[in-house]
Student: 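Quick one: the structure is below, questions incoming.
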Amino acid sequence: MSDIISQTYTRADEAFDCLQTAIVKGELAPGDKIGELDLCSRFELTRGPLREALGRLESRGLLVRRPHAGVKVVSVSASELVELYRIREVMEGLAARQAAERMTDQEIADLQATLDSHETMIEEAHGQAYYQAEGDYDFHHRIATGSRNTKLAQMLLGDLYYMVRMYRYRLSTSAGRPHRALGEHRRIVEAIAQRDGELAEFLMKRHINAARKNIEKQIQEGVLTI
């Protein structure tokens, strides 16, 4: 099976993963102009796979192409980012409620194991960052899919998901936030495991509300520049 996976994982996939991670971690910051020659040199990529990767990132809304300005990493204003979090608060609260009603026991156990791996990662980063890869390794992704609400998951895991990931990692690096966020995640999963949808929704909304207030505080203090 590993041979099959290695055959289907192309150089373009490698370039895409490399650049997407660089965007999420802020190595390619919002508003940065994308130059093909610079990226090839910086990330040891070749032009063909790079161009395919750039097209995929553009389709995800992580890159934008402007006439006479070229390609840039997408950016949002401070007010837009705050509004994104207000939207998340409502939608992910509903997802958590429905996940408590619909996730299987095995899915909940797997989610708890994922949080254990997150704790290890945070400790290895000395409590300075909380990076979640996309898909099943991402707590919020699992809650959205676990809701079994197809329309809701499509909205949460479309362009909104990739846009939010860009800023979520940057915000996780504030002092003490990684451990607090992990603790909040664990309490949400405990509510889901207890099949308490009302509590799960409340805790998720409070979790994202706390993240939004953290954004507003960092913007006011000039720590987070948008």
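Index from 1, following the sequence.
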Student: From Leu45 CG over to Arg51 CZ, what is the distance, rounded to the nearest 0.5 angstrom?
Tutor: 13.0 Å
Student: Decide, yes or no, whether a salt bridge links Arg86 with Glu89 under the criterion of side-chain N to carboxylate O below 4.0 Å.
Tutor: no
Student: Any Lys/Arg nitrogen of Arg11 or Glu14 sitting under 4.0 Å from an Asp/Glu carboxylate oxygen of the other?
Tutor: yes
Student: More than 12 foreign heavy atoms under 6.0 Å from CD of Glu198: is that the case here?
Tutor: no
Student: How about Leu39 and Leu54: do any of their side-chain heavy atoms sit closer than 4.5 Å?
Tutor: yes
Student: Distance-only, no hydrogens or angles: does the Arg102 side chain make a donor-acceptor pair with backbone N or O of Ser147 under 3.5 Å?
Tutor: yes
Student: Between Phe139 and His185, what is the ring plane arrangement, given parallel below 30°, perpendicular above 60°, and tilted in between?
Tutor: parallel
Student: Would you check if Arg212 and Leu84 make a side-chain contact, meaning some heavy-atom pair closer than 4.5 Å?
Tutor: no
Student: Looking at Val74 and Met163, what are the two nearest heavy atoms and their distance?
Tutor: CG2-CE, 3.8 Å
Student: Return yes if some donor-acceptor pair links the side-chain N/O of Gln128 with the main-chain N/O of His126 below 3.5 Å, else return no.
Tutor: yes
Student: Under 3.5 Å, side chain of Tyr167 to main-chain N/O of Val76, donor-acceptor pair present?
Tutor: yes
Student: Are Ile23 and Tyr137 linked, directly or through intermediate hydrophobic residues, by side-chain heavy-atom contacts shorter than 4.5 Å (ILVMFWY only)?
Tutor: yes
Student: Quick one: does any side-chain atom of His179 pair with a main-chain N or O of Glu119 as donor and acceptor, under 3.5 Å?
Tutor: no
Student: In Å and rounded to the nearest 0.5 Å, what is the CD to OG1 distance from Glu107 to Thr145?
Tutor: 7.0 Å
Student: Has Arg195 got a side-chain atom pairing as donor or acceptor with Glu101's backbone, closer than 3.5 angstrom?
Tutor: no
Student: Please check if any side-chain donor atom of Gln112 sits under 3.5 Å from a side-chain acceptor atom of Asp116, or the reverse.
Tutor: no
Student: Within the distance-only criterion (no hydrogens, no angle test), does the side chain of Thr114 pair as donor or acceptor with the backbone N or O of Asp110 below 3.5 angstrom?
Tutor: yes
Student: Taking the six-membered ring of Tyr162, is NZ or CZ of Arg165 closer than 6.0 Å to its centre and within 45° of its axis?
Tutor: no
Student: For the side chain of Asp13 and the backbone of Thr10, is there at least one donor-acceptor N/O pair under 3.5 Å apart?
Tutor: yes
Student: Taking a hydrophobic cluster as the set of Ile, Leu, Val, Met, Phe, Trp and Tyr residues connected by side-chain heavy atoms closer than 4.5 Å, whether directly or through intermediates, do Leu152 and Ile87 fall within one such cluster?
Tutor: yes
